[in-house]
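Every chain is numbered from 1, with letters handed out A, B, ... down the list of sequences.
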Amino acid sequence: MNFLKWPTIEFSKAGLLFTIVTFLLFPALSNVMPAKAEGTLELIKKRNVLTCGVTQGLPGFSAPDDKGRWHGIDADFCRAVAVAVLGDADAIKFVPLSAKVRFTALQSGEIDLLARNTTWTMHRDTALGIQFIGANYYDGQGFIVKKDIGVTSVRELDGASICANAGTTTELNVADYFRSNGMEYDISSFEKSEEAVAAYDAGRCDAYTTDQSGLYAQRQRLVDPDAHIVLNEVISKEPLSPAVRQGDDVWADIVRWVHYAMLNAEELGVNSQNIDSMKASPNPSIRRLLGVEGSFGESLGLDNDWATRVILKVGNYGESFDRNLGAGSELKIERGLNALWTQGGLQFAPPIR
Amino acid sequence: MVSAFIGLVWWLIDNTVANLARQNVATGFGFLDNNTGFDINQKLIAYDETSSYLRLLLVGLLNTAIVSVLGILLATVIGFMVGLARLSDNWLVSKLAFIYVEIFRNLPLLIQILFWYVLLIELLPHPKKSFSLWEVFFLNNRGLYLPWFTTLPGGGYLLWVLGLFGAGWFYVAHKARKMRELTGHNKAYARNYILIGVICLGGYLSLWGVPFEADLPALKGFNFRGGLSFTPEFVALLVALSLYTASFIAEIVRAGVLSVSKGQFEAAKALGLPTSVSMNKVIIPQAMRVIIPPLTSQYLNLTKNSSLAAAIAYPELVSVFAGTALNQTGQAVEIIFITMSIYLFLSLLTSFLMNTYNARVALVEK
Ligand SMILES: N[C@@H](CCC(=O)N[C@@H](CS)C(=O)NCC(=O)O)C(=O)O
């Protein structure tokens with residue numbers, strides 16, 4: 001072992017020892033997890049800011065504007081939780097995360113809430129130490145191609161090069177779909193969707209694939225959006241859901257009920273414009289939602305105005321959808337599966353009672 | 001002391017496992033046997049979405065290894081050329097070398113990687129309009145395609161034998177030189193070795209036929225299939241790593257040469273040696289002693305820098321295993337541990353090789 005003795009070597013003996021010790025201790029050190037004794041709610045109240053994991057920029061879900069203010073249905077959801085818990089819709093630190101690192105960020109306590117168009121799957125729910133709270137957007141995976149290659153169906157993509165994002169359900173679905181249909185493909189998986197879209201636009205790939213909502217959003221980033229077409233079919237189901245760390249039921253309940261409150265508000269016709277007059281409504285469901293009757297907020301560990309604040313500052317689910325994804329946005333996505341159950345969609349919240 | 005240390009390590013590991021179990025995070029190395037369920041765009045050995053995570057680890061490691069080894073070779077050649085050019089008496093040559101160093105050393109590597117990548121995919125044509133040479137070499141924005149071969153039954157065996165024969169050549173050449181130094185006679189070892197090899201090969205081929213088949217790239221649908229191909233991701237990464245690292249190596253070489261005392265140049269000149277000979281035989285061998293240690297660091301840096309490739313979808317170890325596999329399995333602790341072990345091993349291996357080499361070129365004090 002005389003190589004360790006060379007004066008020229010990078011590692012002095014002490015350095016080598018240090019490396020080895022750090023190395024051995026690493027797994028343990030990396031896992032001195034956030035204090036378990038204290039619940040997430042107390043922690044957030046103490047620091048008076050909610051840390052919310054979002055994308056690095058996906059219009060409609062979470063993207064910063066020129067002034068650095070975050071917009072999107074997921075960004076709105078972060079605000080709704082912040083205003084319910086802290087009374088201030090801006091007491092948030094948005095943490096942009098790539099698809100690859102999002103779960104680690106949540107597990108390790110770097111963020112309190114992950115609202116990053118993340119598909120709820122059994123594996124993620126059961127093996128990653130995280131918990132999904134309910135889909136705030138029902139989606140499916142689609143493909144975008146250049147119009148001039150003359151492809152109208154995913155089945156015609158045999159042998160194609162495909163650009164996608166690394167660390168997503170997207171990569172897995174592509175593999176499943178092409179294999180089960182006996183089709184060949186090459187996939188290039190990028191860390192950021194910005195990079196994937198740019199590579200697709202430059203012609204590196206014949207198709208770009210992600211959640212269909214994402215395709216509509218990313219399409220605006222292409223040099224000539226009209227030269228591309230989003231194929232009609234979806235090849236998977238992608239219920240996109242916010243998530244929290246496993247093991248803190250109090251916190252999970254709060255986040256879940258903020259989502260339900262926004263849905264119930266839409267169903268009951270309560271929105272940010274009419275909320276003041278709605279307080280006088282004789283409808284008991286509305287009275288319970290707005291804290292006029294009962295003490296539902298208190299049983300969550302908040303106060304009874306929690307939902308009123310959410311609706312006032314952020315709006316009901318429908319308002320948030322419209323503003324970010326629907327008619328009031330550039331994306332003009334139909335409600336479709338995301339209509340309320342009363343309108344033939346899948347969005348359904350348990351009653352507040 | 002030692003037992004206290006072991007105790008501490010044990011406690012930390014125990015604590016980690018308990019923490020993860022409480023958080024309901026999967027633990028253990030069992031996941032290495034599971035299917036990955038996703039495919040990647042460069043694999044030197046067979047791999048597809050039904051392969052295991054262990055296989056993926058190997059594929060990622062090979063991708064890191066190939067770009068690092070080739071990068072080290074290229075960076076060394078370019079670095080020496082530029083470093084020597086900077087010392088040239090020719091004003092233009094030395095200025096150009098200076099500009100090279102200043103540009104490539106000062107721009108962030110990630111920017112350089114993206115630059116080469118975008119250049120390749122933007123400037124090269126679509127597969128349907130590929131540049132081609134004799135209809136067997138093709139270049140487009142999906143890659144560079146070369147003719148290659150596939151082995152028929154018996155071909156794999158023949159390749160191994162040829163490989164061993166090649167390795168044997170070094171031994172024979174060494175033996176021949178020894179004999180020459182010892183006896184002054186030139187024995188025809190080498191010639192005989194080749195002769196025997198050619199006869200055996202000829203015999204084999206005439207008996208069994210050629211166990212290889214040409215594998216030519218051809219446009220099938222959207223893309224070229226067949227042949228040997230290099231993706232734009234690989235080429236961009238290799239070029240960026242080589243040019244960037246070469247700029248540092250150039251400076252190391254320059255410093256190394258300048259460290260050799262002037263007297264040595266003058267002595268070589270006085271002997272009437274041409275400049276190129278005095279450089280190669282007198283100056284550089286002495287400069288190597290100063291060059292090798294920092295050169296080793298550059299090699300290590302290059303290997304580690306290859307992990308910036310995640311930005312351009314080149315599936316090396318860090319992006320594909322410590323990134324994608326980590327995300328898909330959620331087993332951060334195990335995966336980071338494995339990845340760190342591998343990097344530590346690669347670093348020690350590089351240092352070891354360089355130090356062995358250094359020991360050979362070091363001055364033997366008489
Ligand atoms: N829903 C899928 C995909 C989510 C995903 O990461 N999509 C990309 C493309 S739409 C994205 O959000 N990129 C934004 C970014 O790069 O931060 C999943 O959960 O795995």
Side-chain angles (χ1 to χ4, degrees), chain A residues 3 6 8-11 19 21 23-33 36 99-104 107-108 123-124 126-129 149 157-161 163 166-168 171-172 174-176 179 184-192 195-196 198-199 202-204 206 245-247, chain B residues 8-9 12-13 15-16 19-20 22-26 37-41 48-50 117-118 121-122 126 141-142 220-223 225 231-233 292-293 296-297 300 310-313 315 319-320 323-324 326-330 332-334 336-337 340-341 344 347 351-352 355-356 358-359:
Chain A
F3 76 94
W6 273 103
T8 58
I9 194 148
E10 291 307 295
F11 312 97
T19 313
V21 170
F23 172 71
L24 283 175
L25 292 189
F26 170 79
L29 292 178
S30 70
N31 222 271
V32 178
M33 290 278 173
K36 276 284 139 184
K100 256 164 138 178
V101 304
R102 58 190 150 165
F103 303 120
T104 317
Q107 282 168 351
S108 67
H123 172 73
R124 289 174 176 177
T126 55
L128 300 191
I149 68 170
L157 286 175
D158 192 6
S161 290
C163 285
T168 55
E171 314 178 87
L172 306 175
V174 169
D176 280 1
R179 176 155 55 105
E184 270 193 77
Y185 70 106
D186 304 313
I187 187 163
S188 295
S189 301
F190 294 80
E191 170 122 31
K192 293 187 179 178
E195 294 155 353
R204 172 67 183 88
D206 300 298
R245 243 183 325 283
Q246 180 132 351
Chain B
L8 180 68
V9 172
L12 280 165
I13 290 176
N15 198 30
T16 304
N19 257 336
L20 290 176
R22 188 166 52 231
Q23 275 198 309
N24 208 4
V25 174
F38 60 89
D39 201 1
I40 55 179
N41 67 10
D48 67 18
E49 56 278 334
T50 59
Y117 185 54
V118 170
I121 61 177
E122 289 278 359
H126 189 265
N141 63 5
R142 310 285 164 84
K220 278 208 204 116
F222 293 98
N223 282 299
R225 302 276 160 198
T231 63
E233 291 80 26
I292 288 179
T296 309
S297 313
L300 297 177
I312 57 165
S319 74
V320 94
T324 310
L326 190 160
N327 164 284
Q328 299 288 9
T329 62
V333 176
E334 294 83 352
I336 296 297
F337 185 79
M340 280 174 62
S341 311
L344 188 63
S347 295
S351 297
F352 173 72
N355 283 307
T356 311
N358 197 19

For chain B, find which of A:Thr168, A:Asp176, A:Val101, A:Val174 contributes the most heavy-atom pairs closer than 4.5 angstrom.
A:Thr168
What residue in A:Arg102, A:Arg179, A:Lys192 has the most heavy-atom pairs under 4.5 Å with chain B?
A:Arg179
So which of B:Thr324, B:Leu326, B:Ile312 has the largest heavy-atom pair count under 4.5 angstrom toward chain A?
B:Thr324
Sort out for me which of B:His126, B:Glu49, B:Arg142, B:Glu122 touches chain A most, counting heavy-atom pairs under 4.5 Å.
B:Arg142
Shortest non-hydrogen contact between [X] and [Y], atoms and distance:
X        : Y        : answer
A:Phe190 : B:Ala311 : CD2-O, 3.5 Å
A:Ser188 : B:Asn41  : OG-ND2, 2.9 Å
A:Arg204 : B:Pro232 : NE-CG, 3.5 Å
B:Ala310 : A:Glu191 : CB-OE1, 3.2 Å
B:Phe222 : A:Gly159 : CB-O, 3.7 Å

For [X], which atoms come within 4.5 Å of any heavy atom of chain A: side chain, backbone, both, or neither?
X        : result
B:Ile292 : neither
B:Thr50  : side chain
B:Glu334 : neither

Out of B:Asn141, B:Thr231, B:Asn223, which one pairs with A:Ser161 under the side-chain contact (heavy atoms from CB on, under 4.5 Å) rule?
B:Asn223
Go through the atoms of [X] and report whether side chain, backbone, both or neither lie under 4.5 Å from a heavy atom of chain B.
X        : result
A:Glu171 : both
A:Lys100 : both
A:Thr104 : side chain
A:Ala196 : neither
A:Ile149 : side chain

Are the side chain of B:Asn327 and the backbone N or O of A:Ala99 linked by a donor-acceptor pair below 3.5 Å?
yes
Roughly how far apart are A:Ser189 OG and B:Asp39 CG, rounded to 0.5 Å?
8.5 Å
For the CD1 atom of B:Ile121 and the SG atom of A:Cys163, what is their distance to the nearest 0.5 Å?
7.5 Å
Sorted by chain and residue number, the salt bridge (Lys or Arg N to Asp or Glu O under 4.0 Å) partners of A:Glu184 (sequence neighbours excluded) come out as B:Arg225
B:Gln328 side chain near A:His123 side chain, heavy-atom distance below 4.5 Å
no
